Amino acid sequence: MIDEPLRIGVYVCHCGSNIASTIDVEALAKFAEDLPGVALSRHYKYMCSDPGQELVKRDIREFNLNRLVVAACSPNLHEATFRRAAEDAGLNRFLVQMANIREQVSWVTEDREEALRKAKAHLAAAVRRVARHESLQRQFVQIYPRVLVVGGGIAGIEAALTLAEAGREVILVEREPSIGGHMAMFDKTFPTLDCAACILTPKMTAVKLHPKIKLLTYSNVESVEGSVGHYRVKVRRKPRYIDESMCVGCMLCIDGCVFTKAKFPNPFDQGLGTRKPVWVPFPQAVPPVPVVDPEVCLQITRGKCKQGCVEACGERNAFRFDQQETIEEYQVGAIIVATGFKTFDPSVIPYYGYGKYPNVYTSLEVERLLNAGGPTAGKLVLRDGSTPKRVGIIHCVGNRDANYHPYCSRVCCMYSLKLAHLIREKTEAEVYSCYIDMRTPGKGFEEFYNRVQNEGVYFVRGKVADITPVASQGNGKGDGASASNALIMKVDDTLLGTIRNIEVDMVILAVALEPQADAADVRRAFGISCSSEGFFLEKHPKLAPVNTASDGVFLAGACQGAKDIPDTVAQADAAAAKALALIDAGQIELEPNTAWIDENMCSGCKTCIGLCPYKAISRDEERKIAVIDPALCKGCGTCVAACPSGAAKQHLFSDEQVHEELEGLMSYV
């Protein structure tokens with residue numbers, strides 16, 4: 001509080017017609033003139049415009065205003081604008097209060113008289129509240145000039161390279177043995193049909209060779225502490241049982257393994273291919289260092305083996321069968337989360353027969369079959385070794401469905417078109433593409449759709465209701481005849497207005513993109529939120545699409561929502577730019593509405609410590625009181641509400657301020 005008499009300036013914004021079409025702004029401004037402490041009341045068409053701000057600055061100087069109330073839109077949009085204008089005119093920036101009469105009144109109230117009454121209540125509340133505001137000083141923290149990138153898919157790779165090329169240190173953490181993510185599994189990319197490996201591998205190699213990037217594969221982020229500018233990150237590194245510094249990537253150890261044949265499912269090939277206990281996910285893996293599977297390696301499980309792998313390694317002596325997990329700690333100023341997505345498991349939809357019928361595949365499995373580095377060297381063959389003659393592709397498996405995911409995954413139509421093209425190109429099989437709606441909104445997408453149509457793919461507009469096997473063609477007398485693996489797709493063709501039964505040799509399920517299984521754990525670790533779909537939630541869908549609620553933590557790629565490769569790369573560059581701007585600034589301003597402890601009232605009960613979602617509260621054992629780190633506090637108010645002794649208080653949300661605001665609001669309800 002200041003000692004001089006209150007001189008509050010009130011400004012009512014028309015917001016074009018957003019507010020003025022519903023609220024009588026002239027009457028509202030006239031009403032404000034009679035409120036206690038108000039020295040000046042005006043209305044203006046666009047308060048956030050340069051002329052509007054100049055009006056505020058001029059009035060502060062001319063009329064010696066010492067408080068400011070702006071009745072306009074959400075403070076999320078323009079509170080910083082008016083705080084800056086007040087400061088430019090010599091008024092403490094925290095002696096400003098906004099009354100939200102757009103989102104909370106004009107946009108949700110049809111009756112003009114009712115809207116004016118509600119606007120008066122909001123304005124009266126703001127005027128009474130601002131009278132209790134106190135002058136606060138801006139506080140800043142220094143930014144540590146290093147960025148952590150979590151996830152080594154194309155989003156993480158792009159973000160890391162962008163930052164490194166700008167001369168900033170980057171720690172890139174990937175939980176798989178190699179970077180590359182899902183893009184490394186693909187054969188071609190739509191709509192240009194570029195070789196996925198050809199455009200991805202150079203970037204992977206650039207990550208490995210860049211002196212500003214420290215690459216930590218086969219690793220997980222264990223914990224994150226601290227706040228923007230000074231995050232302390234612990235990374236758990238799993239043992240490869242091979243010394244990365246000694247390995248030259250010759251892969252002779254794989255050939256030397258005593259398992260003469262690969263016999264264990266390769267997860268990179270979606271289980272369609274096999275591998276040995278010593279393996280690399282794919283030939284272009286980065287780093288090009290094998291990893292030993294401790295669950296099947298004879299030396300690790302039994303302690304005895306001929307160790308053909310060690311013998312093949314020779315003088316390099318890179319094997320370390322006694323290697324253990326290690327924890328490494330790093331300090332970073334900003335974090336980019338690029339943990340990607342996983343594909344929907346269609347086995348939960350019984351009528352599609354995935355996992356029951358051998359010739360029903362997911363789209364990602366077919367990507368591996370079509371890839372030259374995949375389990376069949378790029379040949380599309382079924383599990384029995386035959387080549388399909390008739391293939392069905394089912395769109396929207398697991399999404400646009402209230403039972404599973406109501407959202408559209410954005411890429412399924414296009415990758416289904418791509419698979420249809422590649423199948424026609426490699427096998428000349430008949431392809432039936434069953435879709436609900438064809439969605440091709442990107443650059444060159446519609447042209448690619450037309451191309452695939454002209455290539456002879458049959459498009460059926462309708463949802464597949466069931467998949468059943470064709471009846472056995474054998475005579476049942478043991479004459480060598482076997483049941484056919486052919487399948488019948490039952491489709492409700494909405495264009496023909498009939499039910500069709502389409503016989504195919506192979507069914508491909510275009511599965512949805514969904515959040516990673518551990519998204520909830522990642523959310524808690526980084527102090528961010530998830531949307532209703534489970535993807536990580538951005539701060540604002542339009543104005544801050546890569547920021548999160550936690551300062552210094554940014555999002556990139558499909559962890560924020562389903563998207564294709566171009567959008568992923570664009571968002572990765574945006575996240576890198578935001579992180580770069582943050583660390584280049586050298587410091588960041590803290591939020592003013594932080595909590596603080598009245599030491600004379602604190603009983604040291606520890607109630608607040610466990611409740612703080614940002615880990616900003618600790619206990620001073622010597623004085624036996626709670627202590628709040630203002631750099632960590634985000635002003636959520638949880639501790640203030642829970643403190644049994646009332647020792648926890650909050651700037652800009654003191655009891656007096658809140659009570660005055662309620663009194664003003666209730667006076668006109």
Side-chain angles (χ1 to χ4, degrees), residues 140-174 178-181 183-184 199-217 219 221 224 226-233 235 286-287 328-340 526 528 536 538-540 543-560 563-590 631:
F140 298 86
V141 294
Q142 298 299 308
I143 305 294
Y144 193 85
R146 181 193 286 158
V147 180
L148 171 72
V149 178
V150 186
I154 183 59
I157 289 171
E158 180 69 18
L161 286 174
T162 299
L163 288 162
E165 289 299 320
R168 301 297 173 263
E169 290 185 30
V170 179
I171 308 294
L172 176 56
V173 178
E174 166 57 44
S178 169
I179 58 175
M183 187 175 174
I199 57 179
L200 177 64
T201 303
K203 286 185 174 289
M204 294 168 58
T205 303
V207 166
K208 176 179 178 291
L209 298 177
H210 206 292
K212 290 290 185 179
I213 299 177
K214 185 175 182 62
L215 178 59
L216 306 178
T217 55
S219 305
V221 174
V224 180
S227 61
V228 56
H230 291 277
Y231 286 111
R232 298 181 300 279
V233 181
V235 179
V286 172
E328 299 178 3
E329 187 167 336
Y330 299 92
Q331 186 172 14
V332 297
I335 298 171
I336 295 176
V337 180
T339 51
F526 292 100
I528 57 181
F536 297 138
E538 66 283 352
K539 188 174 183 179
H540 191 283
L543 303 180
V546 300
N547 299 69
T548 68
S550 290
D551 293 334
V553 180
F554 306 98
L555 302 175
C559 67
Q560 183 260 343
K563 54 179 64 69
D564 59 15
I565 293 171
D567 285 353
T568 293
V569 171
Q571 191 177 32
D573 284 331
K578 285 288 188 179
L580 184 62
L582 176 66
I583 61 177
D584 274 5
Q587 63 180 13
I588 186 172
E589 184 178 358
L590 298 177

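Small disclaimer: the values here were computed from a predicted structure and weren't measured.
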Side chain to side chain donor-acceptor pair (under 3.5 Å) contacts in which one or both residues fall within residues 203-213, not counting sequence neighbours
Glu158-Lys203, Glu165-His210
Taking the side chain as every heavy atom from C-beta outward, state whether [X] and [Y] have any atom pair closer than 4.5 Å.
| X | Y | value |
| --- | --- | --- |
| Pro287 | Leu215 | yes |
| Val553 | Val224 | no |
| Tyr231 | Ile335 | yes |
| Thr548 | Val337 | no |

Which residues satisfy the side-chain hydrogen bond (donor to acceptor under 3.5 Å, both in side chains) test with Tyr144, sequence neighbours excluded?
none
List in chain and number order the residues that pass side-chain hydrogen bond (donor to acceptor under 3.5 Å, both in side chains) with Thr162, two or more places apart in sequence or in another chain; answer none if no residue qualifies.
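Partners of Thr162 under the side-chain hydrogen bond (donor to acceptor under 3.5 Å, both in side chains) test: Asp573.
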Restricting to side chain to side chain contact (heavy atoms under 4.5 Å, CB included), what partner residues turn up for [X], sequence neighbours left out?
| X | result |
| --- | --- |
| Ala155 | Ala338, Ala556, Thr568, Ala572 |
| Val235 | Val173, Leu216, Ser219, Val233, Arg237, Tyr330 |
| Ala544 | Lys539, His540, Asn547 |
| Ala579 | Val147, Leu163, Ala334, Ile336, Phe554 |

What salt bridge (charged side-chain N to carboxylate O under 4.0 Å, His left out) pairs are there with at least one residue in residues 575-584, not counting sequence neighbours?
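As it turns out, the salt bridge (charged side-chain N to carboxylate O under 4.0 Å, His left out) pairs with a partner in residues 575-584, which skip direct neighbours, are Arg168-Asp584.
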For the residue pair [X] and [Y], what are the closest heavy atoms and their distance?
| X | Y | answer |
| --- | --- | --- |
| Thr339 | Cys559 | OG1-CB, 3.5 Å |
| Ile171 | Arg146 | CG1-CD, 3.7 Å |
| Ile213 | Ala164 | CG1-CB, 3.6 Å |
| Ile179 | Gly152 | CB-O, 3.4 Å |
| Gln571 | Val546 | CG-CG1, 3.5 Å |
| Pro145 | Ile583 | CA-CB, 4.3 Å |

List in chain and number order the residues that pass salt bridge (charged side-chain N to carboxylate O under 4.0 Å, His left out) with [X], two or more places apart in sequence or in another chain; answer none if no residue qualifies.
| X | result |
| --- | --- |
| Glu329 | none |
| Glu538 | none |
| Asp551 | Lys634 |
| Asp564 | none |

Rounded to the nearest 0.5 angstrom, the CE-CD1 distance for Met204 and Ile199 is 12.5 Å
Distance in Å, Leu582 CG paired with Ile143 CD1, rounded so as to fall on 0.5 Å steps
4.5 Å
